Amino acid sequence: MPDEQLLELRGSVEDIIFRNTQNGYSVLTLDCDGIVTTAVGSMTDVSVGDNLRLVGIWKVHPGYGEQFAFRFYEHEMPSTTSSILKYLSSGAVKGVRRSTAKKLVETFGEHTLEIMQNHPERLSAIKGISPDKAQKISAEIKRVFGMKEVMLYLEKFHISALEAVRIWKNFGDSSIHMIEENPYVLCSESINVPFERADAIAAAMERSESDGARIRAGIIYIIQYNAGNGHTCLPLDKLLSVAASFLKIDTELVSAEAAAMIDDASLILDDLNGRRFVFLPNVYKSEMYCAERILLMRQFPAETLRGMELALENFEQAHQITYADLQRKAITEAMSGGLLILTGGPGTGKTTTLNAILELYKQCGLKVLLAAPTGRAAQRMSEVTGSEAKTIHRLLEVEWDPDDKPRFTRNERNMLDCDALILDEMSMVDTALFESVLRALPLGCRLIMVGDSDQLPSVGAGNVLGDLIASGQVPVVALSEIFRQSMESLIVTNAHKIVHGEMPEIRKTDNDFFFMSYPDKMSIMETIANLCSSRLPSAYGFSPLQDIQVLCPGRKGELGVTEINKKLQQVLNPPDEQKAEVRMPVYIFREGDKVMQTKNNYNLPWEKDDGTSGAGIFNGDIGIIESIDEAAKSAEIRFDDKLVSYNTDNLLNVELAYATTVHKSQGNEFNAVVMPMYYGPPQLYYRNLLYTAVTRAKKLLVLVGNISTLQKMVANTKRTARYSGLGAFLERGGSHAS
């Protein structure tokens with residue numbers, strides 16, 4: 001944490017309790033002048049007997065007590081005969097066992113390690129060590145101490161222990177040479193040091209700003225940065241100008257290096273609708289695969305299910321439903337080709353249409369799987385269909401690689417066992433995830449994609465739902481008729497107004513959509529706090545924690561998520577001597593606080609009140625802190641009927657949730673939504689974001705602030721544009737196929 005003072009600890013490794021060979025995370029006991037201490041952190045090979053200097057902080061683990069959590073470390077050569085004997089006897093040097101270690105130390109004393117490293121010929125004087133074995137022992141100890149030399153070298157550049165582990169695993173004893181040759185190798189995906197830090201290291205080495213390696217790394221950084229904003233590719237002309245400005249060099253230098261990268265396939269150049277675009281190879285292959293697989297499904301559709309007209313009529317009679325024409329069209333399409341996008345805004349009957357498709361599939365004996373991108377969305381899908389739905393990650397049986405990236409066990413070699421797959425909230429699915437789904441889909445399997453194309457696009461790169469619809473290569477049924485019972489809701493009718501660029505109706509005061517006009521930030525903040533704490537609970541009986549959710553365009557600013565959370569915590573759950581607290585980097589957590597999980601954790605165990613247990617808490621899950629152990633800095637959090645224990649590290653992935661961003665709310669619904677309307681950056685105040693926020697409200701929506709801000713959001717459509725290749729690849733392949 002920024003305000004923590006780093007401490008230093010020196011000691012000799014007594015025991016290695018745990019070591020993760022993939023990421024270097026280790027738990028050791030150290031002898032620090034006769035006091036045995038537990039230390040935890042990431043490091044490369046460490047052995048019993050090693051003398052270490054650790055830099056870090058003291059913390060208390062809820063299960064294991066006080067530990068020294070180190071951020072950096074360095075090896076110190078064993079210097080006494082006893083420490084050298086202990087070190088060599090531990091097996092740290094391959095080829096040296098306990099008996100050999102004893103002979104070496106008895107012969108060479110305090111000079112043993114130096115002789116092993118620099119004078120291997122002297123080792124063969126010891127019985128049992130041949131000249132060949134002496135050379136191998138010398139090579140091994142050079143490797144061991146070479147690694148330690150690398151760690152010392154990296155420390156001066158403030159490379160963390162975890163990053164150092166990645167560097168050593170990638171480059172071994174060539175690490176120093178590789179970094180000095182090209183410091184931008186640190187930006188590679190497997191090491192993942194930010195470009196700015198690699199650039200600072202290069203500057204310290206007095207590397208030229210026009211160095212080719214720097215230009216290449218800068219180009220890739222810009223493409224990856226824009227991928228974080230949703231783009232799978234960039235126009236070549238735009239990339240060149242942005243890179244030149246970012247790197248502060250001439251455009252000609254960037255152009256020449258980009259051309260070389262295209263020639264050696266470090267970048268892929270493709271012409272999309274008359275404009276040249278640049279892709280990273282893996283992203284290009286991903287979008288290309290998605291296009292090819294969708295076109296293959298169109299070319300070889302699933303078998304048409306017979307007798308569906310009669311089955312649908314019987315279904316309508318049994319459930320006393322009469323489907324509208326577009327709903328019937330969607331159901332018929334799902335029964336014939338088996339590839340369908342079902343889209344539409346609130347109140348247009350997506351859920352009733354989906355339920356009919358699901359039930360008719362089951363009547364035909366098809367095995368149907370249901371999935372959605374987030375835990376909350378999957379839970380809602382289960383509730384409205386009455387069938388089990390999983391997150392896409394759990395459906396594909398995710399595992400995590402050493403770099404904490406998802407790896408799915410369901411793929412071409414281990415396909416899903418189903419005849420039909422229904423995916424909900426498709427607007428949230430990015431290109432990489434969609435590719436993974438398609439790779440796990442059996443040939444002939446039906447795929448029904450449900451979503452609202454007017455909602456926010458995926459957080460990850462890509463515009464999957466929008467591109468699929470725009471391509472004209474996938475059957476689409478867009479439900480547009482608002483059903484009579486939904487017409488009575490201003491939330492529904494105003495949502496449709498907003499998506500068509502019209503101002504919502506805000507003058508009515510007897511419905512479910514309200515606008516409260518206030519001119520300044522302080523008035524808006526106080527009104528929001530008052531609405532959540534007293535006015536809405538008093539007028540509607542809403543629970544401030546269970547029913548009301550404040551949604552904000554962004555995190556920063558006086559009316560952003562962070563500040564509103566702090567204000568609402570003061571009002572709804574103020575400091576109390578009877579309530580334990582734990583201080584985290586951004587917030588103070590208190591017993592009774594409403595919180596949100598911010599990162600998928602598939603291994604976090606939970607237990608229900610009935611004794612059943614399992615694992616997995618997901619990004620966007622909202623819960624209440626039931627108890628806090630102040631000494632251990634741990635907490636127990638209840639998510640619906642699941643109770644989860646959090647240690648300090650896991651609490652870093654939790655934040656207060658009285659307010660959250662509209663992006664984080666996607667896939668969720670709330671009885672009441674309150675949203676501030678105040679001036680902000682155009683990239684956060686745009687139509688699709690407002691529409692998404694409005695459609696999160698089930699029973700009540702209150703906008704608080706300036707009408708001019710509302711007008712600007714309705715008019716602003718700029719943020720929805722994304723550069724992607726999927727649509728063009730589909731159109732290109734579709735025209736070739738025809």
Side-chain angles (χ1 to χ4, degrees), residues 302 305 308 311-312 314-324 326-335 338-396 416-429 433 437 440-441 445-453 455 465 475-479 483 485-486 492 614 616 618 620-621 640-642 666-671 695-696 698:
L305 300 172
M308 282 301 102
L312 180 55
N314 292 336
F315 185 85
E316 286 181 315
Q317 291 177 6
H319 293 82
Q320 296 183 330
I321 297 174
T322 302
Y323 289 105
L326 282 176
Q327 290 179 302
R328 296 184 73 88
K329 180 182 177 182
I331 297 166
T332 302
E333 190 69 52
M335 299 302 139
L339 179 63
L340 171 68
I341 293 174
L342 176 63
T343 185
T348 57
K350 284 202 310 289
T351 298
T352 53
T353 306
L354 172 61
N355 280 333
I357 293 170
L358 177 60
E359 287 304 314
L360 290 172
Y361 275 170
K362 289 180 177 179
Q363 286 181 22
C364 293
L366 301 186
K367 183 172 183 179
V368 187
L369 296 179
L370 288 76
T374 67
R376 281 277 173 167
Q379 182 179 333
R380 279 186 54 232
M381 194 181 189
S382 297
E383 291 168 355
V384 300
T385 63
S387 299
E388 182 189 16
K390 298 180 179 180
T391 65
I392 295 175
H393 281 73
R394 190 173 286 285
L395 179 79
L396 299 180
L416 294 167
D417 179 19
C418 62
D419 303 303
L421 174 64
I422 300 176
L423 295 179
D424 199 8
E425 297 287 357
M426 269 297 296
S427 63
M428 301 173 68
V429 176
L433 189 57
V437 170
L441 211 59
C445 181
R446 299 166 190 276
L447 177 62
I448 308 300
M449 296 169 279
V450 184
D452 186 341
S453 58
Q455 285 190 23
L465 182 60
V476 178
V477 176
L479 303 177
F483 288 95
Q485 61 270 32
S486 298
V492 172
F618 306 107
D621 283 354
D640 297 324
D641 59 346
K642 300 172 183 175
Q666 224 173 337
N668 287 356
E669 283 186 342
F670 310 97
N671 282 331
T695 55
R696 298 308 90 205
K698 289 197 291 186

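Predicted model, so just to flag it, every value in this text is computed and none were measured.
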What distance separates [X] [atom1] from [Y] [atom2], expressed to the nearest 0.5 Å?
X	Y	atom1	atom2	answer
L339	I448	CG	CD1	7.5 Å
E359	T385	CD	OG1	9.0 Å
M449	L465	CE	CG	8.0 Å
L479	Q327	CG	CD	6.0 Å
T343	M426	OG1	CE	10.5 Å
Y323	T332	OH	OG1	11.5 Å

Next item on the list: I would like to know whether F618 and R394 meet side chain to side chain contact (heavy atoms under 4.5 Å, CB included); could you show each step before the answer?
Entry: CA-CA 11 Å; F618 306 107; R394 190 173 286 285; 3.8 Å; yes
Note to self: Please enumerate all residues that pass side chain to side chain donor-acceptor pair (under 3.5 Å) together with K698, with sequence neighbours excluded.
What the structure shows: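 Not a single residue meets the side chain to side chain donor-acceptor pair (under 3.5 Å) criterion with K698.
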Flag side-chain contact, heavy atom, 4.5 Å: [X] against [Y]:
X	Y	result
D640	Q379	yes
Q455	T695	yes
V437	L396	yes
L441	L447	yes
V450	L340	no
Y361	M335	yes

Minimum heavy-atom distance [X]-[Y], with the two atoms named:
X	Y	result
R376	G620	CG-O, 3.9 Å
A378	A389	O-CB, 3.5 Å
A371	M381	O-SD, 3.5 Å
A330	L342	CB-CD1, 3.9 Å
L360	F315	CD2-CB, 4.5 Å

Item checked: R446 and its side chain to side chain contact (heavy atoms under 4.5 Å, CB included) partner, picked from L366, L421, D419 ->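 Output: one option passes, namely L366.
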Next item on the list: Using only heavy-atom distances, determine whether the side chains of E425 and T374 contain a donor-acceptor pair under 3.5 Å.
Entry: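 Note: E425 and T374 side chains miss the donor-acceptor criterion.
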Note to self: Working note: S427 + D452, criterion side chain to side chain contact (heavy atoms under 4.5 Å, CB included); need CA distance, chi angles, decisive distance, verdict.
What the structure shows: CA-CA 6 Å; S427 63; D452 186 341; 5.6 Å; no
Notebook entry, point to check: So L358 and S387, side chain to side chain contact (heavy atoms under 4.5 Å, CB included) or not? Walk me through it.
Noted result: CA-CA 9 Å; L358 177 60; S387 299; 3.7 Å; yes
Would you check if the side chain of [X] reaches a backbone N or O of [Y] as a donor-acceptor pair within less than 3.5 Å?
X	Y	value
S382	E388	no
R696	N668	yes
K350	G344	yes

Next item on the list: Please step through side chain to side chain contact (heavy atoms under 4.5 Å, CB included) for the pair I331 and L312, ending with a clear verdict.
Entry: CA-CA 8 Å; I331 297 166; L312 180 55; 3.9 Å; yes
